[in-house]
Amino acid sequence: MRTLLDIAGLSVAYGHVTALHELSLAVPEGGIVALLGANGAGKSSLLKAVAGVVRPRGGRVVFDGRDITGAGVPARLAGGLVLVPEGRRILVSLTIEENLLVGAHLRRDPDGVQRDIAAIYDRFPNLGRRRHMAASCLSGGEQQMLAVGRAMIARPRLLMLDEPSLGLSPLFIGHLFALIRELNRDGITILLVEQNTAQALAVAHKAAVLELGRIVMAGDPAQLAGDPRLAEAYLGRAAGEPAALH
Amino acid sequence: MTGYQSGLLVILCFNVIAAYAVYLPMAAGQLNLGVAGFMATGAYAAAYLTNEAGWSIGAAVPAGGACAGLLALLVAVPILRTQGIYLALATFALGQVIAAIFLNLDVVGGAAGYPVSAYAGPGAVFAATAAILAAMLLLSRTRFALYLTAIKSDPVVTDLMGVNVRAVQVGALTLGAVIGGLGGGLYGHHFSFVEAQHFNVALSIFTVLYVLLGGVQTVWGPLVGGAFFTLLPEVLRAGGGWRYVLFALLIIGVMALRPQGLVTAGAHWRPRRRAASRAPSRTSGHPGPETRLSTEVSGS
């Protein structure tokens, strides 16, 4: 499978604190790659560096064959690299529709934007019904749907999701992972950062585990799910305990 | 209209114009505590152009606004590097520096003030205020206004959506300074006199209060806040010497009861649209539990 995003030797540091140590990762086109790991492992830093909001200390980011290491956020967005940030970050003082319009900032085809907004309302009827209401009136799950919708308006080829299930009800988490599968079937490559390890492994085609800014395990999700070290650290069960119990 | 009424209305107009100068950057979350400096720039520049260069008022006042805007553009980049309270302090200091420069500039009269020979009557002030209000209403329907609110709400995410946050902020501060400069130029030509002492800290702070009191959520906020602040002390005149005490208490009361300002966007209170206008054609959606529930409720 063709590589859409190629991260090579990427280092990110905040002052003296190093968040990523020469990390390399390839995201194949059309795939779902899950990044797992504890808080502070560097998962969010990786996504931010790829999105262009954090400048890396070293290394290269190649997207669709182009070196974008020095590119700004707008150039990356225009190329189809879109991040849904952690905590949803809905613009609460704007209406639902205005949130989507901000997401469409770089697009120059108003008719296409209107069609895409209508498609988002079809997908999430609850957003459509309340399109002229302040986004603050949405529930946590609906806000996450709006955050995904706002990213979809930018026409992503690679959608990066930072902890999308954080703070959602179990039912909504189920809907969210179904949505991720569906977007992927529509042809969008997904790079998913999750603490919800079991769900992330179930949906991903490839997974990597980060620890202190380095990839410590990577490979087939099914294999990783059976790995006793991962089970112990992130799935909350003792090594050797059968997975069926959970 | 009596002289008192038209005089009061003129002051109201100047306060409202100043309020819009503060409103634009504040809509993007930036507190400009130096608006008096931009007004002074516009006042002195326009007065100089009519007095010494023989310009008409109609040309000199916009030129004064342009001068204030140019000054804002020059200082915006270094000033907007600061944020929050430091930005407020930087604009505060800028306003003081500008006023102090004019106070020592002998070519425009220095501390003695600067008489202005050309006169703009109340009608010109009303017309200019209406034009600025109309321009603000038009602006509020643009993407630029949307981005201002987005930046105030969350600058990081707005940047993530590809909006050039810095450019929008510089634009808001500059456009606000242009409006402040227009107001200053008009002020000098209406009262036939410009003195640096008028453009002091109190003017800047009161103007910020008009905007905070009116609210920054909609374009009507500064108008309502400015009018409230101008008219209320007049209404309280019956209270004699106690009127400023009453006035201060009322301000505190309004701030405590409506911290979001007198005028709010009201998006919460807009009537729910009937689902019938957009039948939820769930082609491929995964509506959450809440979604299903409210579909049933509103469809029944």
Side-chain angles (χ1 to χ4, degrees), chain A residues 48 51-53 72-78 82-83 85 88-95 98-99 101-106 118-119 121-139 141-142 145 147 150-151 153-154 168-169 171-172 174-176 178-179 182 186, chain B residues 27 29 142-168 215-218 260 264-299:
Chain A
K48 283 179 185 160
V53 278
V73 175
R76 294 177 200 227
L77 267 177
V82 185
L83 170 66
R88 307 184 267 277
R89 311 281 295 253
I90 288 302
L91 301 163
V92 287
S93 49
L94 298 184
T95 67
E98 286 169 340
N99 265 277
L101 286 172
V102 172
H105 166 61
L106 290 175
Y121 291 158
D122 277 343
R123 206 188 273 270
F124 310 119
N126 228 16
L127 297 184
R129 234 183 341 268
R130 292 191 259 172
R131 73 189 89 161
H132 295 301
M133 291 174 75
S136 53
C137 72
L138 296 176
S139 73
E142 290 165 342
M145 298 304 160
R150 190 177 59 185
I153 286 282
L168 298 189
S169 70
L171 239 171
F172 240 116
H175 293 306
L176 176 77
L179 173 66
E182 196 178 307
D186 292 349
Chain B
T142 63
R143 284 283 180 95
F144 179 74
L146 181 63
Y147 297 149
L148 290 181
T149 319
I151 290 169
K152 183 185 158 91
S153 193
D154 192 333
V156 177
V157 159
T158 310
D159 177 59
L160 202 58
M161 297 294 131
V163 176
N164 189 335
V165 170
R166 182 54 60 89
V168 173
V216 285
Q217 289 182 15
T218 82
Q260 69 277 53
T264 48
H268 294 276
W269 297 280
R270 251 174 252 178
R272 265 170 170 264
R273 305 211 152 188
R274 297 298 298 177
S277 67
R278 261 198 77 79
S281 53
R282 267 184 265 143
T283 46
S284 55
H286 285 272
E290 284 96 320
T291 311
R292 285 215 189 86
L293 189 67
S294 51
T295 303
E296 284 157 18
V297 169
S298 55

> Nearest heavy-atom pair of Asp154(B) and Arg89(A): which atoms, and what distance?
Replying inline: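 Scanning both residues, the minimum pair turns out to be OD2-NE, 2.7 Å.
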> What are the two closest heavy atoms between Leu106(A) and Gly162(B), and how far apart are they?
Replying inline: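 Heavy atoms only, the tightest pair is CD2-O, 4.0 Å.
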Region of [X] that comes under 4.5 Å of a non-hydrogen atom in chain B:
| X | answer |
| --- | --- |
| Val73(A) | side chain |
| Ala51(A) | side chain |
| Leu127(A) | neither |
| Leu83(A) | both |

> For Arg76(A), which residues count as a salt bridge (Lys or Arg N to Asp or Glu O under 4.0 Å) partner, sequence neighbours excluded?
Replying inline: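 Expected list: none.
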Roughly how far, to the nearest 0.5 Å, is [atom2] of [Y] from [atom1] of [X]?
| X | Y | atom1 | atom2 | result |
| --- | --- | --- | --- | --- |
| Leu160(B) | His105(A) | CG | NE2 | 12.0 Å |
| Tyr147(B) | Leu94(A) | OH | CG | 11.0 Å |
| Leu146(B) | Thr95(A) | CG | OG1 | 8.0 Å |
| Leu101(A) | Met161(B) | CG | CE | 12.5 Å |

> Is there a side-chain contact between Leu91(A) and Thr149(B), using heavy atoms and a 4.5 Å cut-off?
Replying inline: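 No, side chains not in contact.
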> Got Val157(B) and Pro85(A) here, is their nearest side-chain heavy-atom distance under 4.5 Å?
Replying inline: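 Yes, close enough: below the 4.5 Å cut-off.
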